[in-house]
Amino acid sequence: MAENRGGMETVFHDKRPVELKMWLAIHNRFLPLFKEDGGIDQRTWSKAAQEEETSYRVGRYRNLPSNDLLHVIDELKSMDMLPAIYFIFSRRGCREALQRCSYHEFDLTTAAEKQAIDQVAAERLAELKDRDEEALFRRMVDARLLRRGLAEHHAGLLPYHKEMVEQLFQRGLIKVVFATETLSLGINMPARAVAVSSFTKFDGVNFSNLTTGELTQLMGRAGRRGIDVIGHGVILKESDVEVGTIYEVAMGPTLVVESKFLPSYNMALNLLRIYTPAEAEALMQRSFGQFQKRLAEDQTQERLVNVRTRLGDMRQMWDDTEVPLEDVEQYFKLEDRRRSIRIELKRLRREAGAARHSQRGHGRGHGRSMGGAERLVQKLEIEGKGLLERQRKLKVVRSPRFGEHVQRYGEIRTLQRELEQGNRELGGQMDEYARKLRRLCRILTETGFLDHDKPTAKGLFASRVYGENTILVAEAVWAGWLEGLASEELCAVLVMLAAEDRNVPRRRDEGGASRHGPRRYPTHAIAQCARLVRTLYFRFADMEKDLDEPNLRQPSHDFIDFAYKWATAEPLDQIPLPTNVDIGDAIKAMKSLYSLLRQLEWALRQAKHPLFEPVSRAVAQMERDVIKRTY
């Protein structure tokens with residue numbers, strides 16, 4: 001900020017409005033994580049270490065939880081730590097936790113609180129205008145659990161359900177809410193205590209420990225300003241998470257702000273609408289992301305100075321006059337090539353074996369290709385023997401210090417690779433955003449959105465539509481593919497570009513069919529247009545792949561039927577949900593579609609496009625109460 005705006009002063013405040021006390025739950029008992037002076041509580045550490053040792057010795061019980069949900073809630077209640085947020089990093093886990101409480105008839109509210117909950121629920125239900133949304137709410141929400149002070153909160157719930165839980169919790173009427181980490185962001189919902197059920201979570205690829213920033217974010221909900229003198233954060237100890245790891249994260253550095261800035265197609269079009277390419281690139285250089293890359297470059301430069309010095313010292317210290325360093329370098333080059341030949345031969349022989357097995361089952365269909373593979377194997381074997389002969393003639397191979405030379409040069413090679421990697425990082429850091437902008441502009445020029453670095457009419461239209469798939473939407477409109485569709489058909493097609501599938505993305509080679517057979521579409525017109533949109537995506541995706549510049553998101557297919565039925569005014573409680581999709585996900589997809597339609601409506605009005613009228617009707621058809629209330 002100082003670099004771009006002038007002199008600045010930093011105001012730093014590291015005191016919480018409400019003091020936080022952290023606990024470690026071991027066998028359903030809460031032990032203080034830190035002493036009064038902020039140091040590690042050694043008794044807690046020792047107890048946790050003993051528990052780890054015991055679980056290690058009894059290996060088959062290692063994965064059993066050391067804390068039980070029901071006993072932890074009892075402990076929270078007995079220590080006067082309610083209301084509490086119980087974080088569980090999966091929706092299914094939240095549902096199962098609520099079901100366990102229901103089965104064991106947990107009841108955390110008084111008669112007066114039950115009456116207050118009933119009154120709030122009645123008032124909220126009276127505000128609903130869509131009767132089908134009310135019917136859906138009554139069917140999906142267990143009012144008995146709400147009255148007992150228990151609820152769940154995650155992105156898969158009805159917006160109305162989440163709103164009611166938030167209101168009841170803020171008033172202290174809900175005593176325990178089971179929530180995913182999305183609750184730690186964006187809404188005012190503090191608690192007296194926070195319980196973190198697991199110190200690991202799935203990041204979409206594998207399981208990893210919570211970071212200091214994530215733990216800080218979760219614990220930030222503990223302690224209600226103006227109500228609580230102290231807030232409590234409880235970490236539930238797991239046998240396979242070492243206590244040292246918990247302390248390391250809990251005492252780690254404060255949250256680091258990292259730029260996620262990336263140029264997009266829409267940004268490129270809007271920048272070039274006003275600025276020249278040079279001015280647009282200069283603006284990229286002023287971004288916070290580029291500032292952080294400059295800092296990273298300075299750190300890399302310092303590291304590389306040390307690497308160069310060590311590399312020079314090791315070369316100078318080569319003390320064998322009989323075996324020059326170049327001789328060892330040649331040995332490693334030949335060895336690298338021999339290794340790649342061995343890998344290639346192994347692959348070819350494996351494929352040849354599979355082909356022979358296939359021939360036995362299906363007759364002789366691969367003779368010609370087999371001959372080509374055998375010739376390649378023979379050629380590689382000859383090359384490998386020649387390389388081996390060249391290696392044997394090197395002085396290093398005949399040296400009595402062969403093992404020592406190989407080890408020492410291995411260290412030199414490691415330093416050389418580190419130096420090369422560092423130089424690549426330096427080359428990519430300084431103009432990464434400018435290069436990305438130039439690649440985006442190249443694609444936009446090839447597809448007619450830009451001409452001589454200025455947006456065309458199509459480009460100006462696309463600049464008014466925001467989102468990941470801006471250019472796909474604009475291209476489909478400009479090509480006339482959406483004209484002639486009924487407004488509800490428009491919704492079904494455009495949701496492909498507005499929403500994101502909840503299910504595992506389908507592979508490109510599936511040819512438009514899912515594992516469960518051919519896709520079925522509400523109408524023939526939707527099917528035809530959906531195929532065109534999918535083809536369009538792959539055309540642009542291939543261009544991005546050639547430039548190593550992936551930006552577009554693959555069209556969604558989960559919500560086509562849902563959007564069509566929504567736009568035809570089918571009752572919300574009767575529209576079937578897609579597989580593995582919660583109602584909250586479906587409504588989020590409809591809000592994304594509504595947002596895109598609103599943007600399109602404005603852009604089409606500016607362009608005086610014939611599609612304006614059907615899009616305006618589609619906007620009106622999407623405007624159910626749940627959309628207007630939460631949009």
Side-chain angles (χ1 to χ4, degrees), residues 91 132-133 135-136 139-140 156 158 467-469 472-473 475-477 479-541 552-597 600 611 614-615 617-624 626-627:
R91 298 179 187 181
D132 53 338
E133 185 183 354
L136 185 62
R139 194 178 77 208
M140 298 183 71
L158 270 169
E468 289 177 278
N469 290 332
L472 298 184
V473 174
E475 187 70 29
V477 170
W481 294 347
L482 306 181
E483 294 174 34
L485 294 178
S487 52
E488 56 271 17
E489 291 175 325
L490 264 175
C491 293
V493 171
L494 288 174
V495 78
M496 296 173 65
L497 301 173
E500 186 171 1
D501 282 347
R502 273 285 296 171
N503 298 319
V504 178
R506 299 179 178 95
R507 296 192 308 252
R508 176 174 176 167
D509 59 3
E510 284 183 339
S514 72
R515 291 175 304 166
H516 306 293
R519 290 194 186 98
R520 288 183 170 82
Y521 297 93
T523 69
H524 176 71
I526 293 172
Q528 187 176 23
C529 206
R531 283 192 288 270
L532 289 171
V533 167
R534 187 174 170 83
T535 303
L536 178 64
Y537 162 76
F538 286 128
R539 177 157 66 88
F540 275 89
L552 297 172
R553 177 177 40 75
Q554 191 162 344
S556 162
H557 287 84
D558 277 356
F559 300 101
I560 293 174
D561 283 338
F562 194 93
Y564 181 78
K565 288 180 167 63
W566 179 292
T568 53
E570 189 164 324
L572 184 58
D573 60 325
Q574 295 178 25
I575 304 178
L577 286 169
T579 307
N580 298 329
V581 170
D582 292 327
I583 184 64
D585 301 316
I587 290 174
K588 179 184 176 183
M590 296 307 101
K591 288 167 71 174
S592 297
L593 171 60
Y594 180 69
S595 176
L596 174 59
L597 287 167
L600 262 182
L611 201 59
V615 168
R617 287 196 297 274
V619 169
Q621 286 171 266
M622 290 299 298
E623 286 181 335
R624 297 192 182 207
V626 66
I627 293 288

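Each residue takes its place number in the sequence, starting with 1. Because the structure is a prediction, the values reported are computed rather than measured.
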Closest non-hydrogen atom pair, Ala499 against Ala589: CB-CB, 3.7 Å
Shortest non-hydrogen pair, Arg617 vs Ser487, comes out as CB-CB, 4.0 Å
Arg534/His557 under side-chain contact (heavy atoms from CB on, under 4.5 Å): CA gap, chis, key distance, verdict: CA-CA 10 Å; Arg534 187 174 170 83; His557 287 84; 3.7 Å; yes
Distance in Å, Ser595 OG paired with Leu600 CG, rounded so as to fall on 0.5 Å steps: 10.0 Å
Could you go step by step and tell me if Arg91 and Asp585 meet the side-chain contact (heavy atoms from CB on, under 4.5 Å) rule? CA-CA 12 Å; Arg91 298 179 187 181; Asp585 301 316; 2.6 Å; yes
State, to 0.1 Å, how close Cys529 and Leu485 come at their nearest heavy-atom pair, and which atoms those are. SG-CD1, 4.1 Å
Would you call the rings of Phe562 and Phe559 parallel, tilted or perpendicular, taking 30° and 60° as the class edges? perpendicular
Quick check for you: to the nearest 0.5 Å, what is the distance between Ile587 atom CD1 and Asp582 atom CG? 11.0 Å
Euclidean distance, Gln528 CD relative to Glu489 CD, rounded to 0.5 Å: 10.5 Å
If I take atom CG from residue Leu596 and atom NZ from residue Lys591, how far apart are they, to the nearest 0.5 angstrom? 15.5 Å
With side-chain contact (heavy atoms from CB on, under 4.5 Å) as the criterion, how do Gln574 and Asp132 come out once you've worked through the C-alpha distance, each side chain's angles and the decisive distance to 0.1 Å? CA-CA 8 Å; Gln574 295 178 25; Asp132 53 338; over 6 Å; no
Return the minimal non-hydrogen interatomic distance between Leu611 and Leu482, and the atom names on each side. CD1-O, 3.6 Å
For Asn469, enumerate each residue passing the side chain to side chain donor-acceptor pair (under 3.5 Å) test, keeping only those at least two apart in sequence or located in another chain. none
Within this structure, what is the CG-CZ distance for the pair Leu552 and Arg539, rounded to the nearest 0.5 Å? 11.5 Å
Quick one: does Lys565's side chain get under 4.5 Å of Pro522's, heavy atoms only? no
Side-chain touch Pro576/Asp561, heavy atoms, less than 4.5 angstrom: no
Give me the atom names and distance for the closest heavy-atom approach of Trp566 to Val626. CH2-CG1, 3.4 Å
Criterion side-chain contact (heavy atoms from CB on, under 4.5 Å) on Met496 and Tyr537, from CA distance to verdict: CA-CA 11 Å; Met496 296 173 65; Tyr537 162 76; over 6 Å; no
Between CD1 of Ile526 and CD1 of Ile560, what distance do you get to the nearest 0.5 Å? 8.0 Å
Taking all atoms of both residues into account, what is the closest heavy-atom pair of Val581 and Leu577, and its distance? O-CD1, 3.7 Å
